[in-house]
Amino acid sequence: MSQESSLKRTHYCGDLRLTDAGTTAQLNGWVKRRRDHGGVIFADLRDRTGITQVVFDPQIDEKAHAIADAVRSEFVLNVSGTVREREPGELLLHADAAYQKDLAEGMLSPAFRSLFSDTDTKYTLSEEIEVATRVEGERWLLTDVENNRTYHIENEEAGLIIYQGTVNPELDTGEIEIAVDSLHILNTAKTPPFPVEDNIDVAEDIRMRYRFIDLRRPEMQKTLAMRHKAALAARNYMNEEGFLEIETPILMNSTPEGARDVLVPSRHYPGRFYALPQSPQQFKQILMMSGVDRYFQIARCFRDEDTRSDRQLEFTQLDIEMSFADTDDVLAVTEGLMKRIFEEAGDIPVQTPFLRLPYHESMARFGNDKPDTRFGMELTDLSDVMADCDFQVFARTLASGGQVKAIAVPGGEDFSRKDIDDLTAFVATYRAKGLAWVKVTAEGFSSGIVKFFTTEQLETAQARTGAQPGDIMFFVADKPKVVADALGYLRLHLGKKRNLIDETQYNFLWIVDYPLFEWNEEENRYEPFHHLFTGATEATLPLLDTDAGKVQSQHYDLVCNGYEICSGSVRIHQWDIQQKVFDILNITPEEVESRFGYFIDALAYGTPPHAGIAPGLDRMVMLMRNEENIREVIAFPKSQQGLCPLTHAPSVVSEDQLEELSIRVDADN
RNA sequence: GGGCUCGUGGCGCAGUUUGGUUUAGCGCGCCUGCCUGUCACGCAGGAGGUCGCGGGUUCAAGUCCCGUCGGGCCCGCCA
């Protein structure tokens with residue numbers, strides 16, 4: 001047998017079960033931990049599927065045992081041997097469920113101790129006892145440190161069941177082990193900077209610097225596998241629905257609209273640059289003009305803007321476009337896609353169709369267009385009742401065209417002065433100048449500002465916010481945008497902080513009926529609310545000529561648990577309407593020609609009505625994995641400053657390379 | 001572009017407020033030895049630190065000041 005074939009594994013480390021006992025098996029993997037008992041050595045062998053305990057016993061193979069002496073964490077091993085049943089958990093005794101308290105507190109009562117010694121004096125517990133809770137209220141591991149003995153305790157209907165044995169109920173493979181008769185150390189390893197296990201407390205930059213070790217952790221392997229499954233589910237679904245996967249260029253033209261482009265210098269054309277796609281928007285529309293009918297692509301997109309915990313310089317979208325389709329068609333396909341991905345990759349049941357919420361209603365009730373609807377605390381408008389109140393902050397704001405809105409926080413009566421100060425600082429980041437509050441107590445309203453309001457005003461506030469005795473009402477008075485931001489983010493902040501959110505819930509929600517244009521106060525002109533090629537609803541199309549601000553677009557966003565996960569629209573496919581949009585936006589024919597010439601030209605050669613959408617893969621995986629940080633679901637993410645912690649990209653290039661590109665670097669920057 | 005925050009053995013932290021009894025401490029990990037049933041093994045012993053970097057104040061700086069680099073969160077930005 002060649003070396004290569006002799007190392008071929010028969011199973012993955014997570015595969016073996018009791019039914020395999022008696023057979024032989026060969027495993028490859030990394031050593032999670034080695035436990036040397038002098039006479040016998042245990043090691044937990046890990047690969048991406050799980051862990052199997054391997055035993056090096058000199059009575060089985062003296063040579064393997066001798067080699068195992070040198071084995072350390074993260075060594076790469078090949079082992080073969082017999083799959084052996086572990087000693088089953090020997091039932092030791094039953095105990096009353098009342099002893100749960102002993103276990104929870106880790107302080108064993110004399111009565112609990114005597115249970116052990118009454119069974120058999122050899123089980124007498126020493127003074128040094130460690131209790132580890134495996135599952136709260138259900139399973140514990142009790143270790144008698146001095147006697148070096150371990151007991152598994154389970155809470156079942158009959159009470160606590162205590163057993164002793166070598167089965168490890170924590171491992172899927174815990175009923176067997178491998179009695180090793182042959183060991184090859186395939187490679188040694190330096191001591192890892194942190195242990196390869198879940199729930200480690202290690203700074204993110206350390207994890208990123210050693211990402212190849214970090215990714216070995218079971219949770220990370222799970223994420224990588226889920227990401228793969230999500231992409232696979234999407235591909236299969238789109239294929240079944242008749243979509244063609246087509247690649248579009250990574251090197252394309254810079255578009256001055258929108259986010260900053262990531263630029264790539266051209267060697268053939270000094271001073272000219274390619275841009276990496278912010279999305280394949282124009283190409284996918286051209287594919288519709290090209291008769292492709294239904295297109296999709298798992299597309300890498302690039303936006304050179306500062307990152308956030310849910311934003312990266314490069315990210316992945318499931319880019320979709322379909323011809324002869326309207327809003328309902330796109331939403332239906334997307335709902336099916338979400339159902340398929342979340343159920344297949346995340347094992348998360350999804351009910352379709354999704355609710356549709358008009359943009360203005362979302363803004364009014366939640367302060368933004370990506371509401372987390374897993375909890376209440378909705379925003380309520382009090383502008384009408386507060387207009388003639390004696391609280392000058394409110395009255396003056398309202399007199400100058402502002403707004404007063406409020407939310408009620410359940411159980412917020414216990415907020416201290418400092419809590420409220422902290423929350424005031426929190427809303428200040430959204431430019432709110434203050435945060436007024438009134439507590440609702442059993443005795444009535446309580447706050448320094450109660451005297452400025454009539455009872456009727458406060459009762460109306462209570463009725464509208466739904467505040468109950470024991471709650472607190474927070475008010476913000478300002479320009480509508482500030483009120484929406486401040487209270488919207490305060491709602492989210494408190495929802496998380498006060499544990500009002502059911503983490504197991506997935507609330508999918510369409511946001512629809514967006515305006516087509518947004519008025520830019522400073523520059524005194526309209527701007528596209530989304531992009532230049534978004535179509536208008538048929539009903540509001542005539543307003544293009546009369547009142548552009550009131551035109552509704554055929555744009556839609558899909559929101560889940562506070563994250564925008566898809567964004568799309570029915571596109572403009574008629575030249576005359578596109579022209580009107582350019583006119584309203586004051587884009588001159590010369591500009592149109594130079595920026596979108598090819599696109600406008602194509603539009604005139606028989607463009608079918610078409611519509612599309614782009615679900616964000618990263619955010620979907622974040623949601624399914626319950627992660628709040630996008631870096632957790634990307635194999636090799638960049639830091640907040642856009643650096644690759646592993647390769648240190650971007651890097652300085654040679655003078656020769658720069659010269660070829662006709663680029664001179666300003667050394668001061 | 002801006003605000004906040006962190007940086008102390010391999011990792012996680014304490015010490016910095018008010019400069020000096022701290023020889024910079026603790027837990028984990030690591031190394032050596034012992035141990036045949038552990039799975040967070042145990043026991044005994046041991047090694048390991050330019051306190052991010054540079055400058056300054058001072059008799060004296062991990063601690064105070066200035067600058068700088070790096071990580072994170074957020075605002076702006078992200079059609």
Side-chain angles (χ1 to χ4, degrees), chain A residues 32-45 51-60 65 72-73 84 86-87 126 128 130 132 134 141 143-150 152 164-171 173-174 177 179 190-195 197 199-210 213 255-261 278-279 281 301-313 315 425-431 485-486 489 493 514 516-518 520 527-534 553 555 564 567 569 585 628-629 631 639-641 643 645 648:
Chain A
K32 185 193 173 202
R33 186 174 269 112
R34 187 189 72 126
R35 292 177 294 279
D36 184 350
H37 286 252
V40 64
I41 298 172
F42 300 97
D44 296 329
L45 202 63
I51 288 171
T52 297
Q53 171 166 282
V54 298
V55 187
F56 303 101
D57 187 333
Q59 287 178 356
I60 291 166
H65 178 263
R72 293 293 181 274
S73 290
R84 193 164 70 180
R86 297 211 204 176
E87 271 181 53
S126 74
E128 223 181 316
E130 277 177 21
R134 296 310 198 184
L141 196 68
T143 308
D144 183 334
V145 178
E146 207 175 305
N147 292 325
N148 211 356
R149 204 174 276 138
T150 302
H152 301 288
Q164 203 222 354
T166 59
V167 168
N168 183 349
E170 303 308 310
L171 288 182
T173 61
E177 63 193 5
K190 285 161 68 172
T191 303
F194 48 84
E197 61 194 28
N199 304 315
I200 51 170
D201 187 14
V202 181
E204 198 185 315
D205 56 328
I206 306 284
R207 287 176 51 207
M208 290 303 171
R209 203 176 313 150
Y210 298 95
I213 296 171
T255 48
E257 300 282 320
R260 199 175 289 121
D261 284 314
Q278 294 183 25
S279 89
Q281 183 65 35
C301 303
F302 304 84
R303 290 179 194 173
D304 190 8
E305 296 293 346
D306 287 351
T307 60
R308 287 287 188 282
S309 52
D310 63 346
R311 283 181 356 208
Q312 277 273 303
L313 209 61
F315 56 99
F426 177 82
V427 296
T429 60
Y430 304 98
R431 273 165 307 287
D485 278 346
Y489 283 105
H493 177 70
Y514 281 88
L516 189 59
F517 302 109
E518 191 173 28
N520 184 323
E527 287 178 343
F529 200 90
H530 289 100
H531 63 65
L532 290 168
F533 314 111
T534 308
S553 75
H555 182 97
E564 178 201 303
S567 200
S569 62
L585 297 170
E628 295 207 335
N629 193 318
R631 280 174 249 115
S639 79
Q640 200 169 38
Q641 314 302 324
L643 286 170
H648 301 115

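Residue numbers begin at 1 in each chain, while the letters A, B, ... track the order of the sequences.
Straight-line distance between the C1' atoms of B:rG1 and B:rC66: roughly 22 Å, to the nearest whole Å. Distance check on atom C1': B:rG42 versus B:rC35 gives 8 Å, rounded to whole Å. Rounded to whole Å, the P atom of B:rU17 lies 33 Å from the corresponding atom of B:rG29. Of the P atoms belonging to B:rC34 and B:rG70, the separation is 49 Å, rounded to the nearest Å.
Scored by the side chain to side chain contact (heavy atoms under 4.5 Å, CB included) test, A:Pro192 finds A:Ser73, A:Glu74, A:Ile213 as partners (sequence neighbours excluded). For A:Arg35, the salt bridge (charged side-chain N to carboxylate O under 4.0 Å, His left out) partners two or more places apart in sequence, or in a different chain, are A:Asp44. Shown here are the salt bridge (charged side-chain N to carboxylate O under 4.0 Å, His left out) partners of A:Arg431, two or more places apart in sequence or in another chain: there are none. A search for salt bridge (charged side-chain N to carboxylate O under 4.0 Å, His left out) contacts involving A:Asp304 returns nothing, not counting sequence neighbours. Partners of A:Gln312 under the side chain to side chain contact (heavy atoms under 4.5 Å, CB included) rule, at least two apart in sequence or in another chain, are A:Ile630, A:Arg631, A:Ile634, A:Pro637, A:Lys638. A search for salt bridge (charged side-chain N to carboxylate O under 4.0 Å, His left out) contacts involving A:Asp310 returns A:Arg619, not counting sequence neighbours. For the ring-ring contact (aromatic ring centres under 6.0 Å, His included) test, no residue two or more places apart in sequence or in another chain qualifies with A:Tyr210. Residues forming a ring-ring contact (aromatic ring centres under 6.0 Å, His included) with A:His531 (at least two apart in sequence, or on another chain): A:Phe533. Among residues two or more places apart in sequence or in another chain, the side chain to side chain contact (heavy atoms under 4.5 Å, CB included) test is passed with A:Asp261 by A:Ser254, A:Thr255, A:Leu263, A:Ala275, A:Gln278.
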In B/S/- notation (B base, S sugar-phosphate only, - none; protein heavy atoms under 4.0 Å), nucleotides 45-51 of chain B written 5' to 3' is -------
Contact state string [nucleotides 68-73 of chain B, B base, S sugar-phosphate only, - no protein heavy atom under 4.0 Å]:
---SBB
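With distances taken from any side-chain atom of A:Arg431 to the nucleotides B:rG12, B:rG76, B:rG37, the minimum falls on B:rG76. Considering only the side chain of A:Ala203, B:rG12 comes nearest among B:rG12, B:rU36, B:rC77.
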Polar atom pairs between nucleotides 28-35 of chain B and protein, under 3.5 Å, N or O only, would you list them?
residue, atom, partner, partner atom, Å
B:rC31, OP1, A:Arg72, NE, 2.8
B:rU32, OP2, A:Arg72, NH2, 3.2
B:rC35, N3, A:Asp36, O, 3.0
B:rC35, N3, A:Gly38, N, 3.3
B:rC35, N4, A:Asp36, O, 3.2
B:rC35, N4, A:Asp36, OD1, 3.4
B:rC35, N4, A:Gly38, N, 3.4

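For a distance-only test at 3.5 Å, the side chain of A:Arg207 fails to qualify as a donor-acceptor partner of the base of B:rG10.
Checking side-chain atoms of A:His493 against main-chain N and O of A:Val427 turns up no donor-acceptor pair under 3.5 Å. Checked by atom type and distance alone, the side chain of A:Arg86 pairs as donor or acceptor with a backbone atom of A:Gly174 at under 3.5 Å.
Considering only side-chain N and O atoms, A:Arg35 lies under 4.0 angstrom from the phosphate OP1 or OP2 of B:rC41.
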